[in-house]
Amino acid sequence: MLARSLLYLSLLVVAFRDAGSQSLEDSDGAEQFYSTSVVGMADLLEFNADLLDILDSYIEVLRERIKLIQRTVHYMMKHYDTENLQENPLDHFHFARHMQKDWAYMLELLQQPLGKKQLQFLKDSRAHYPSVWDLEEGCLGIHRMQHIYQLQPKDMVTGLLDGVQHGTSFSAPECFTVARALYKKNLFHEAVAWLEQALTLYEQASEETKGHYQIIGFDVSQVHKQYIEGLMTLNRYADALKAIDWHPKPYLRRLRDRVQMRLMSSNDVPMQKPNLPLTVLQLCCRGGCPYRDMHRLTCSYNTTASPFARLAPFKTELLSLSPYMVLYHGAITPLESQTLRDLAKPMMKRRAMTYHKKNRTPLIDERRTSNSVWFQAKSNAVIERLERRAGDMTSFEMANSEVYQLLNYGIGGHYYPHLDHFESPDVVKNRSVGDRIATVLFYLNDVPQGGATLFPRLNISVQPRNGDAILWYNLDDRGEGEQDSLHTSCPIIKGSKWALVKWIDEMSQPFRRPCNR
C-alpha cells in the first residue's frame, strides 16, 4: 500500500508541479478521490499507462514527420545544388519554381499540427486527473502518519516507518510536495523539516536524476527559497543566513539583506516546536496502550446468543463490561469479504464531502478520510446472510436497523474520535427508530501495520483481521449514551483497511434488551 501510495504521489508531482498557481477550476471535475481510498489506485496506475501509450504514439507521429522532412531536405539538396546552377534558362526556371513552391510547401508542412488525436485525448482526460485538493489530502495523510506514530521525515524518506523498514522511499519532488501542503496549513516546523529533506535528497542525487527532475519541471531554487522563508517565519534568522550562503544565488541577494536586517534589529527568539507528552491516541495506535485491568475478561464459545448459536457457536472475546464490548472471531468468511469488496469498488465515493454552492469546489471533512458505499439489508446475498448472522451474534432485532456502510481507507486514512450515538435529543426525536443502541464493525481484510480501531477512554486497541467483528453498546441499560464508547481509527501505515459497519436501532429492541428508564 505505501509503495503504491508513494508511486501515486510521484505521479501527482508530475501532473501538478504547478499546483501552487493552478486555479481550482482547472482541476474541477475529478469525481474519484485517490488519496482517501486505495480503490482507485489500480485504475490510476492503468490510466497512467494509457497516458504513456498516448505519448508513445505521439512520439511516433513526430518521428514520421521528421522522416518526411529529412526526405524532403535530401531531395532539395540533390536536385537544387546552387553550385551547379548554369546559365541555362531552364535551370533558372527549375530553381525559381523550387524557391516559390517547395519552400512554401515546407512552411505549410511545419505549421501543420501534429498528433491531434493524442492531444485531444490528453485534453479530455484532464477531468480524470487527481485534483489539487486530492493531492493536498494525500500530503496531510502523510503528515497524519508522521504525527500519530511520531515518525521523523529523515526516516520516512528512506521507508523506515514505526520501526519497520519498507521497500520504498521519497524523492526530492515528493518531499517538496508534502512541504508545500504543510506550509499552506501553517505547519511551519513540519514543512521546514520536509524542505530540508528535499534539499538533502537533491544534493545526493546523481546528475542523471537531476536531469529527470528538470524534465518534470522540478526547480530546486523554489525549494531553497521556501526553506529560507520558512526559517524566517520561525525566527531562525541565523539558520536562514547559513542556508543562503550554503547555496548563494543572485535572486537571494535581496532576501539576504532582509534576513540580515531582521537579525540585527529583531529580538525575536527562535520558535521551538512544542515537546508535548504523548497522548493516549498516539500510545495506543503504536500498540502501547496503558495497562488496564483484564482479570474479568474471558474468551469463550457463545452458544446462548440465539438458537442458531447452539449449532454453530461464535468464538467470542470479551473486551469490556462497561460499556459492553466483544470481539467475534471468524464472523465473516474470506469469500464473503472478497465478494463485498468486489461489489463495492465500482461504487465507492468520498465520504463526508459536500460541494460549495457557488463554484462547486469540494468541501471536505478532514476528520474522516475514507471512501464508502451503502448497502441495503437485501441488496445482495452476502449482506442478507450477514444480517441474519449479526442478529444471531448480538441477540438484537435487525429488521429496522440502518443500512450497511462499507468503508475503505487510503493514505494515512483515519476517522477522528467520535461517538456513534446521537448526542442531540432533537436528532433522536426526528428518527422513527430512535438512537443507535449498538454498533457492529466487520473487518474485511488484514491490516499489516496501523489502522487499529481504538477506544481511547478504555485503552482498548483492536487490530483489523479478516473475518473478525466488534460489537459494542452505544447506550447503557437506561438508554443513555455510553461516553466511554468514544472510538477512532488509527492511520494506516501499510496495507489497506476495508470495514463494514452496521448501526443497530434502539426502538426495535423492547423484548431483546429492555431499558431501565
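Residue numbers start at 1 and run along the sequence shown.
- Proximity of a side-chain donor or acceptor of Gln463 to a complementary backbone N or O of Val447 within less than 3.5 Å is detected.
- Atom NZ of Lys117 and atom CD1 of Ile54 lie 7.0 Å apart (nearest 0.5 Å).
- Under the rule for a salt bridge (Lys or Arg N to Asp or Glu O under 4.0 Å), the partners of Arg256 that lie at least two apart in sequence or sit in another chain are Asp245.
- At a cut-off of 3.5 Å, with distance as the only test, a side-chain donor of Arg262 or Tyr237 sits close to an acceptor on the other residue.
- Checked against the 2.5 Å cut-off, the SG-SG distance between Cys490 and Cys284 does not fall under it.
- The only member of Tyr202, Phe176, Trp194 that meets ring-ring contact (aromatic ring centres under 6.0 Å, His included) when paired with Phe170 is Trp194.
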Kindly indicate, with the supporting measurements, whether the criterion side-chain contact (heavy atoms from CB on, under 4.5 Å) is fulfilled by Ile244 and Val259. CA-CA 10 Å; Ile244 293 174; Val259 175; 4.1 Å; yes
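- Counting non-hydrogen atoms of neighbouring residues, nucleotides and ligands closer than 6.0 angstrom, the CD atom of Gln214 reaches no more than 12 such neighbours.
- Between Glu196 and Lys154 there is no salt bridge, since no side-chain N of the basic residue sits under 4.0 Å from a carboxylate O of the acidic one.
- The local environment of CE in Met106 is crowded, with over 12 non-hydrogen atoms from other residues, nucleotides or ligands closer than 6.0 Å.
- If you check the side chains of Tyr443 and Thr453, you find a donor sitting under 3.5 Å from an acceptor.
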Taking it one step at a time, do Asn408 and Ser496 satisfy side chain to side chain donor-acceptor pair (under 3.5 Å)? CA-CA 7 Å; Asn408 179 245; Ser496 172; 2.9 Å; yes
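- A distance-only check finds a donor-acceptor pair linking the side chain of Gln282 to the backbone of His147 [under 3.5 Å].
- When atom types are taken as modelled, the side chain of Asp446 and the backbone of Pro448 share no donor-acceptor pair closer than 3.5 angstrom.
- A donor-acceptor pair under 3.5 Å is absent between the side-chain atoms of Ser379 and the main chain of Phe375, judged by distance alone.
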Take Tyr213 and Phe218 through the test ring-ring contact (aromatic ring centres under 6.0 Å, His included) and record every step on the way to the result. CA-CA 5 Å; Tyr213 290 163; Phe218 176 71; 5.4 Å; yes
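- The aromatic rings of Tyr183 and Phe188 lie perpendicular to each other, with more than 60° between the two planes, well past the 30° mark.
- Checking side-chain atoms of His166 against main-chain N and O of Ile493 turns up no donor-acceptor pair under 3.5 Å.
- Legend: residues meeting ring pair (Phe, Tyr, Trp, His ring centres under 6.0 Å) with Phe455, ordered by chain and number and at least two apart, are Trp472, His487.
- Not one N or O on the side chain of Asn371 forms a donor-acceptor pair closer than 3.5 Å with the backbone of Met348.
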Side chain to side chain donor-acceptor pair (under 3.5 Å) between Glu336 and Thr333, worked out: CA-CA 5 Å; Glu336 290 171 333; Thr333 68; 3.2 Å; yes
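- Under 4.0 Å is where a charged nitrogen must lie from a carboxylate oxygen, and between Lys184 and Glu136 at least one such pair does.
- A distance-only check finds no donor-acceptor pair linking the side chain of Arg236 to the backbone of Pro270 [under 3.5 Å].
- Looking only at atom types and distance, the side chain of Lys502 has no donor-acceptor partner in the side chain of Thr439 under 3.5 Å away.
- Heavy atoms from other residues, nucleotides or ligands lying under 6.0 Å from CD of Gln376 number 12 at most.
- Note: His418 and Tyr416 have tilted aromatic rings, judged against thresholds of 30 and 60 degrees for the angle between ring planes.
- Put simply, the side chain of Gln165 gets close to the backbone of Thr158: a donor and an acceptor are under 3.5 Å apart.
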